[in-house]
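Structure first, then comments.
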Amino acid sequence: MSLLLGIETSCDETAAAVVRDGREILTNVVASQVDLHAQYGGVFPELASRAHVEAITAVVDEALAQARTSLAHLDAVAVTRGPGLVGSLLVGVNYAKGLALGAGLPLLGINHLEGHVYSLWPGMQTDPDFPLLVLIVSGGHTELLLMTGHGCWQRLGGTRDDAAGEAFDKVGRILGLPFPGGPHVERVARDGDPGVWRFPRAWLEDSDDFSFSGLKTAVLRAATIDPNDRQPQLRAEVSVADLAAGFQAALVEVLARKTARAAERCGAGAILVAGGVSANQALRTALRQAGTLPLLVPPPELCTDNAAMIAAAAHWRWQAGQRDGLDMEVLPRWPLGAPHSFS
Ligand code: KG4
Ligand code: ZN
């Protein structure tokens, strides 16, 4: 049994949540900075840290109040330790340390990517059959992993350049859509014909790696009058919907086919997709069509960054005896499967 407070500040959401036993979300409070960063067309690290500092006390207090609990009733404080923006991570980790010290609670540092995977656990009665083939697709990461048990990771591959969400956001910017581009590209693509543009697919032969920067450049060339301009102008005659649909079709086809192939090769019992881009319906459809294994997807509100997933991931590490010291440092680059994992 565990009652854990989770804190997440790795990028541009200040979030806190209270979760019981890794499966029951009591509260999940997210203060988004999207509006703050939208004017810059991307996340502005210094502004992000400052906004976390301003929001964190209210967000944590609200999470505890809504859960009708207090620090005295918790078993531990869990916080995202990495990967992410160093200044943003520091706000959450230092705040969590303060809470843990003040209340005499254990502290657990959690990997943000592992958190995304555990966004599947709330509401799940029993564990799925391991091994699971895991695809994490977010603004900063595209990772293909084999999960052989709780906290046990084998990294198969990942992107060699842009992350899937980053490609969506860059194409969104090219097409003149608001930040972050992913959901807008998906919305616009619904009215487009994915067959008009046949953008390149980087299969990278037998490797489990991905590459999306060529695809993004191909969209830039197709969409703009002069791709070398600092702010390239869209061609008047092209349909933004067709471009969005062609881009999305190319990206999800590569993700789905390579994921399904790796899952079969590894004898996985199911495919689990998580991270912001897992909200994309075209990706979910492509993953379902690419293979025969069951597809596990988080509910929409848990796809993008939140703290319930951090508290859920922390439950299994708590059970396995992980406790971190008050000297715990942030790990802005922290791949899953690296030291600090169980395996
Ligand atoms: O997981 P997340 O909230 O933050 C990171 O850890 O990066 O993912 C954010 C990313 C952004 O790039 C955003 O454009 C993308 O997820 N995203 C989507 C969709 N919803 C969010 N991409 C494609 N389709 C969507 N529906
Ligand atoms: Zn994330």
Side-chain angles (χ1 to χ4, degrees), residues 6-15 17 28 30-34 37-38 41-43 45 48 52 79-85 88-89 92 110-120 134-143 158-159 162-175 177-190 192 212 215-216 219 244-245 247-256 272-287 297-310 312-313 332-336:
I7 296 176
E8 153 66 39
T9 64
S10 69
C11 189
D12 60 344
E13 326 278 359
T14 317
N28 187 23
V30 181
S32 173
Q33 305 175 7
V34 161
H37 300 289
V43 177
H52 285 308
V79 62
T80 304
R81 184 180 180 185
L85 300 169
S88 293
L89 289 166
I110 300 299
N111 185 301
H112 179 81
L113 300 174
E114 186 165 299
H116 271 301
V117 173
Y118 278 91
S119 63
L120 269 293
V134 172
L135 173 68
I136 302 174
V137 269
S138 70
H141 294 89
T142 302
E143 294 280 302
T159 185
D162 292 350
E166 189 180 356
F168 266 105
D169 295 343
K170 285 179 175 170
V171 166
R173 196 180 315 164
I174 293 168
L175 299 181
L177 301 171
F179 173 84
H184 297 283
V185 171
E186 176 173 26
R187 175 178 49 80
V188 170
R190 274 188 216 120
F212 298 119
L215 171 60
K216 169 206 66 195
V219 176
F247 157 77
Q248 183 174 264
L251 185 134
V252 305
E253 185 186 332
V254 174
L255 282 174
L272 185 160
V273 57
V277 185
S278 69
N280 187 283
Q281 294 298 332
L283 174 61
R284 293 177 177 202
T285 304
L287 281 165
V297 287
E301 70 277 11
L302 297 185
C303 286
T304 46
D305 290 350
N306 64 84
M309 67 187 199
I310 301 302
R333 291 169 189 277
W334 185 13
L336 269 184

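Computed from a predicted model, the values in this text were never measured in an experiment. Computed over heavy atoms, backbone and side chain alike; hydrogens, waters and symmetry mates excluded. Sequence positions, counted from 1, serve as the residue numbers for this chain. Whatever order the structure lists ligands and atoms in, that order sets their numbers, starting from 1.
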Measuring from non-hydrogen atoms of [X] to any atom of ligand 1, is the shortest distance under 4.0 Å?
| X | result |
| --- | --- |
| G140 | yes |
| Q248 | no |
| E13 | no |

Just heavy atoms, cut-off under 4.0 Å: does H141 contact ligand 1 by side chain, backbone, both, or neither?
neither
Should you measure from each heavy atom of [X], which atoms of ligand 1 turn up under 4.0 Å away?
| X | result |
| --- | --- |
| E186 | 24 (N), 25 (C), 26 (N) |
| P180 | 14 (O) |
| G165 | 12 (O) |
| T304 | 3 (O) |
| H116 | 1 (O), 6 (O) |

Might you work through the side-chain contact (heavy atoms from CB on, under 4.5 Å) test for D305 and H116, ending with a clear yes or no?
CA-CA 8 Å; D305 290 350; H116 271 301; 3.0 Å; yes
For the residue pair [X] and [Y], what are the closest heavy atoms and their distance?
| X | Y | value |
| --- | --- | --- |
| S88 | C11 | OG-O, 3.4 Å |
| H37 | F179 | CB-CE2, 4.3 Å |
| V277 | L283 | O-CD2, 3.8 Å |
| L251 | A164 | CD1-O, 4.2 Å |
| G92 | T9 | N-OG1, 3.1 Å |

Examine H116 and say whether one of its N/O/S atoms is closer to the Zn ion (ligand 2) than 2.8 Å.
yes
Measure from the Zn ion (ligand 2) to each N, O or S atom of H112 and report whether any distance is below 2.8 Å.
yes
Hydrogens and angles aside, do S10 and H112 bring a side-chain donor and acceptor to less than 3.5 Å of each other?
yes
[atom] - nearest protein heavy atom and its distance:
| atom | result |
| --- | --- |
| atom 2 (P) of ligand 1 | D305 OD1, 3.4 Å |
| atom 22 (N) of ligand 1 | G182 CA, 3.4 Å |
| atom 15 (C) of ligand 1 | V277 CG2, 3.9 Å |
| atom 20 (N) of ligand 1 | G276 O, 3.4 Å |
| atom 11 (C) of ligand 1 | D169 OD2, 3.5 Å |
| atom 7 (O) of ligand 1 | G139 N, 2.8 Å |
| atom 24 (N) of ligand 1 | N280 ND2, 3.0 Å |

Going by heavy atoms in the side chains, are L113 and W334 under 4.5 Å from each other?
no
Testing L302, T304, I310 for side-chain contact (heavy atoms from CB on, under 4.5 Å) with N306, which one passes?
L302
Give the C-alpha distance, both sets of side-chain angles, the deciding distance and a yes or no for side-chain contact (heavy atoms from CB on, under 4.5 Å) between K170 and D162.
CA-CA 9 Å; K170 285 179 175 170; D162 292 350; 3.2 Å; yes
Could you please spell out the steps behind the side-chain contact (heavy atoms from CB on, under 4.5 Å) verdict for V171 and L177?
CA-CA 9 Å; V171 166; L177 301 171; over 6 Å; no
List the steps, then state whether side-chain contact (heavy atoms from CB on, under 4.5 Å) holds for N280 with F168.
CA-CA 11 Å; N280 187 283; F168 266 105; 3.6 Å; yes
Restricting to N, O or S atoms of D305, which is nearest to the Zn ion (ligand 2)?
OD1
Is any N or O atom of G181, backbone or side chain, closer than 3.5 Å to an N or O atom of ligand 1?
no
